[in-house]
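The block underneath contains the structure these notes are about, expressed in structure tokens.
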Amino acid sequence: MFNLNKAKEAQQRLSNLISLEYSGKPIKTIGAVDCSYDFSRQLIAAVVVILEINSLRLLTEVESQDRIPLPYIPGFLNFREAPVIFKAWRKLASPPDVLLVDGNGIAHPRRMGLASYIGLLLDQATIGCAKSPFFPYQPPAIERGSTSPFYNDRGEQVGLCLRTRTGIKPVFVSPGHKMDISTAARIVLKLARYRLPEPLRLAHQRAQQVFRSKS
DNA sequence: GCGACAG
DNA sequence: ATCTTGTCGC
């Protein structure tokens, strides 16, 4: 069964393997992943979508389901959502150049948020784009594109608070794996027409549909 | 001991 | 995450 201390040790050990450098390869395809739940049946679903970076045209979509493996424990979302995400990932013919994840990357108590965990185990460039942070932050200026750095409890910068829409609550961008802070923020801003980047909005919408037989 | 705490 | 449509405001 799940052991909190073992889990912490694993996260800390894995965090040393994270790369904060992007290959520099031009990005042609962008992926996004999100999960949804059916608590009445204890099921979790993961959807991965891949879009063409400029046209935002949907190229691929895969989905998988599983029993919910663990209750939600702050700081351990990776052990809850990664398994079903890996299951869906195996259905992909080819991976995207970069994968967006709904959650944090290195902006995590042990620098091992869901985005970093997924990126590391899949050897995939990932970006964490969270709707709320683990750490305190200073709100960026009100205009779209404004940013403010935020730090973990050790004083290390772990991401950028990014205003993707003027006057709207910012998002919290942090590298997952094979990614750097500024490139991550640049990509998220480029893809954001609304608060969240389009690929994540699509993945979220599709994940929701899984447990809703209607339209 | 108490409150915080991605989704 | 999820329960849930319309409504008010930029």
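In what follows, chains are A, B, ... by sequence order, proteins preceding strands, each numbered from 1.
Remark: ring of F172(A) does not overlap the six-membered base ring of dA6(B) in a stacked fashion, as centroids less than 5.5 Å apart with planes less than 30° apart are not both met.
Annotation: proximity of residues 156-163 of chain A to DNA chain B (heavy atom, distance under 4.0 Å) is found for no residue.
Within the nucleic acid shown, G113(A) comes within 4.0 Å of at least one base atom, counting heavy atoms only. In this structure, F135(A) reaches neither bases nor backbone, as no heavy-atom distance under 4.0 Å exists between it and the strands shown.
When every heavy atom of K8(A) is checked against every heavy atom of F76(A), the shortest pair comes out as CG-CZ, 3.6 Å. Summarising the geometry of S64(A) relative to V84(A), their closest heavy-atom pair is O-CG2, 3.5 Å, with the distance given to 0.1 Å.
One interatomic measurement links the two molecules: CD of Q208(A) to C1' of dC3(C), which rounds to 12 Å at whole-angstrom precision. Remark: P of dT2(C) and CZ of R212(A) are 8 Å apart, rounded to the nearest angstrom. Rounded to whole Å, the distance from OH on Y72(A) to P on dA1(C) is 11 Å. Between L196(A) atom CG and dA1(C) atom C1' the separation is 14 Å, expressed in whole Å. With rounding to whole Å, N78(A) atom CG is found 14 Å from dG7(B) atom P. Separating the CG atom of L200(A) from the C1' atom of dG7(B) is a distance of 13 Å, rounded to the nearest angstrom. Atom CG of L77(A) is separated from atom P of dA1(C) by 10 Å (rounded to the nearest Å). Taking atom CG of L70(A) as the reference point, atom P of dA1(C) lies 18 Å away to the nearest angstrom.
The aromatic ring centroids of Y117(A) and F79(A) lie less than 6.0 Å from each other. Taking the six-membered ring wherever Trp is involved, the centroid distance between the rings of Y137(A) and F172(A) falls below 6.0 Å.
Among the nucleotides dA1(C), dG7(B), dC5(B), the one closest to the side chain of Y37(A) is dA1(C).
Between dC10(C) and T166(A), no contact under 4.0 Å exists linking OP1 or OP2 to a side-chain N or O. For K131(A), a side-chain nitrogen or oxygen approaches OP1 or OP2 of dG7(B) to under 4.0 Å.
Of the possible polar contacts, none joining the S174(A) side chain to the G159(A) backbone as a donor-acceptor pair under 3.5 Å is found.
Atom CG of N54(A) sits about 11.5 Å away from atom OG1 of T29(A), to the nearest 0.5 Å.
Judged by distance alone, the side chains of Q11(A) and N78(A) do bring a donor and an acceptor atom under 3.5 Å apart.
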